[in-house]
Amino acid sequence: MLPGRGQDGRAARLARFLGTRVAWTEVGDGEFFCPGCGGDRNYQRLTGRRRFTLLGVPVVPRGDTGPVVECAACRRHFGTDVLDHPTTIRFSAMLRDAVHTVALAVLAASGTSSRTSLETAAATVRAAGFDDCTEEQLNALVEALAADTGRVYGRPCGAGLAIELHEALDPLSPHLAPAGRESILLQGARIALADGPYTPAERDALFTVGSALTICTDDVTLLLAAAARTPS
């Protein structure tokens with residue numbers, strides 16, 4: 001059979017005459033984490049209309065397509081769910097705020113009378129990104145929290161603190177690997193253990209942290225026990 005003959009040949013000739021083209025229209029823009037580039041990039045949000053083409057000329061509408069997200073750098077198209085992933089800058093801020101909230105919750109559970117706990121909490125918060133955090137600032141925040149909620153030190157984690165923990169940790173948890181979620185819990189555990197064994201209120205606060213991080217109860221128990229056995 002001669003080249004270009006037969007079914008494949010007919011399909012190739014037909015493809016030169018007929019095709020489909022998408023005309024894209026920008027409907028928004030912003031900054032996102034591009035999975036193709038592996039970093040923060042600008043994007044355009046696009047919607048499109050398909051048309052059949054004859055000899056490269058659009059002739060017949062074929063309906064809408066998209067929306068899609070186009071990276072301004074690599075020009076790849078992604079589904080709009082890619083915008084659910086925080087940018088690197090936003091993720092860093094979420095992580096920093098999460099550690100700060102966990103530290104406050106643990107301190108509020110046991111009170112701030114222990115200088116060792118305050119020092120450990122401040123060092124933990126500074127390492128997370130709040131470079132200027134001091135023991136005095138944390139102490140003032142915990143006292144203000146207690147005054148605002150009428151909280152009594154040594155009581156189980158109240159509804160207000162539980163809500164704050166979930167507000168800080170729920171949006172972050174889906175974007176953390178299991179080791180990352182465990183790391184946040186263990187940072188809280190080290191604060192609680194700085195002045196001695198866990199108190200019931202501290203343990204309750206840490207289990208609330210674990211729940212917000214979607215760590216199952218059995219795993220929280222094992223992690224807290226392992227932290228207590230680890231020399232400081």
Side-chain angles (χ1 to χ4, degrees), residues 8 11-104 123-133 137 163-188 209-215:
D8 291 344
R13 291 195 299 274
L14 185 62
R16 288 197 293 268
F17 291 101
L18 297 176
T20 302
R21 178 180 297 177
V22 179
W24 295 105
T25 301
E26 180 184 346
V27 294
D29 58 21
E31 188 178 51
F32 80 132
F33 181 87
C34 175
C37 297
D40 295 347
R41 300 290 187 269
N42 292 325
Y43 73 85
Q44 292 182 327
R45 186 184 177 105
L46 307 173
T47 58
R49 294 184 64 83
R50 287 195 186 94
R51 285 182 178 272
F52 279 121
T53 60
L54 177 62
L55 296 175
V57 178
V59 290
V60 181
R62 203 188 170 197
D64 297 334
T65 186
V68 299
V69 173
E70 181 184 82
C71 175
C74 68
R75 297 298 179 184
R76 290 176 61 181
H77 286 183
F78 305 95
T80 55
D81 58 345
V82 74
L83 299 179
D84 295 335
H85 192 291
T87 63
T88 302
I89 294 174
R90 175 59 182 151
F91 181 77
S92 296
M94 292 167 67
L95 190 59
R96 182 184 64 221
D97 292 344
V99 173
H100 187 266
T101 303
V102 169
L104 287 178
T124 300
V125 173
R126 285 194 296 270
F130 283 108
D131 298 336
D132 299 328
C133 179
Q137 289 173 347
I163 290 172
E164 288 191 27
L165 284 169
H166 278 280
E167 287 179 345
L169 300 176
D170 285 354
L172 177 65
S173 184
H175 306 293
L176 287 172
R181 297 196 296 271
E182 292 173 3
S183 175
I184 293 177
L185 175 66
L186 291 173
Q187 289 179 72
V209 170
S211 173
L213 290 168
T214 65
I215 303 174

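Values below: all heavy atoms of this structure, side chains included; hydrogens, waters and symmetry mates excluded. The model shown is predicted, which means the values in this text are computed figures rather than measured ones.
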Taking the six-membered ring for Trp, are Y43 and F32 parallel (under 30°), tilted (30 to 60°) or perpendicular (over 60°)?
-> perpendicular
Do you know the tightest heavy-atom contact between C71 and F78?
-> CB-CE1, 4.4 Å
Given D29 and N42, is the side chain to side chain contact (heavy atoms under 4.5 Å, CB included) satisfied, shown in steps?
-> CA-CA 7 Å; D29 58 21; N42 292 325; over 6 Å; no
Hey, what do you get for CD1 (I89) to CD (E31), rounding to the nearest 0.5 Å?
-> 5.5 Å
Please check if atom CZ in R96 has more than 12 non-hydrogen atoms from other residues, nucleotides or ligands closer than 6.0 Å.
-> yes
For residues A168 and L172, report the shortest heavy-atom separation together with the two atoms involved.
-> O-CB, 4.1 Å
Side-chain donor/acceptor of T101 to backbone N/O of D97, under 3.5 Å = yes
Hey, what do you get for CG (L46) to OG1 (T80), rounding to the nearest 0.5 Å?
-> 11.5 Å
Side-chain H-bond candidate by donor/acceptor type, T214 with S173, under 3.5 Å = yes
Hey, what do you get for CZ (F33) to OG1 (T87), rounding to the nearest 0.5 Å?
-> 9.5 Å
Between V125 and A103 the two heavy atoms that sit nearest each other are CG2-CB, 3.7 Å
How far apart are the closest heavy atoms of C133 and Q137, and which atoms are they?
-> CA-OE1, 3.2 Å
Smallest heavy-atom separation, I184 atom then V102 atom, equals CG2-CG2, 3.9 Å
Can you see which heavy atom on L185 is nearest to which on G210, and at what distance?
-> CD1-N, 4.2 Å
Salt bridge (charged side-chain N to carboxylate O under 4.0 Å, His left out): which pairs involve residues 69-83, sequence neighbours left out?
-> E70-R75
Can you give the donor-acceptor pairs under 3.5 Å from side chains of residues 175-183 to other protein atoms, not counting sequence neighbours?
unit_1 : atom_1 : unit_2 : atom_2 : d
R181   : NE     : L213   : O      : 3.1
R181   : NH1    : L176   : O      : 2.8

Distance, nearest 0.5 Å, that separates CZ of R45 from CG of L83 | 6.5 Å
Under the 3.5 angstrom rule, does the side chain of R41 hit a backbone N or O of C34 as a donor-acceptor pair?
-> no
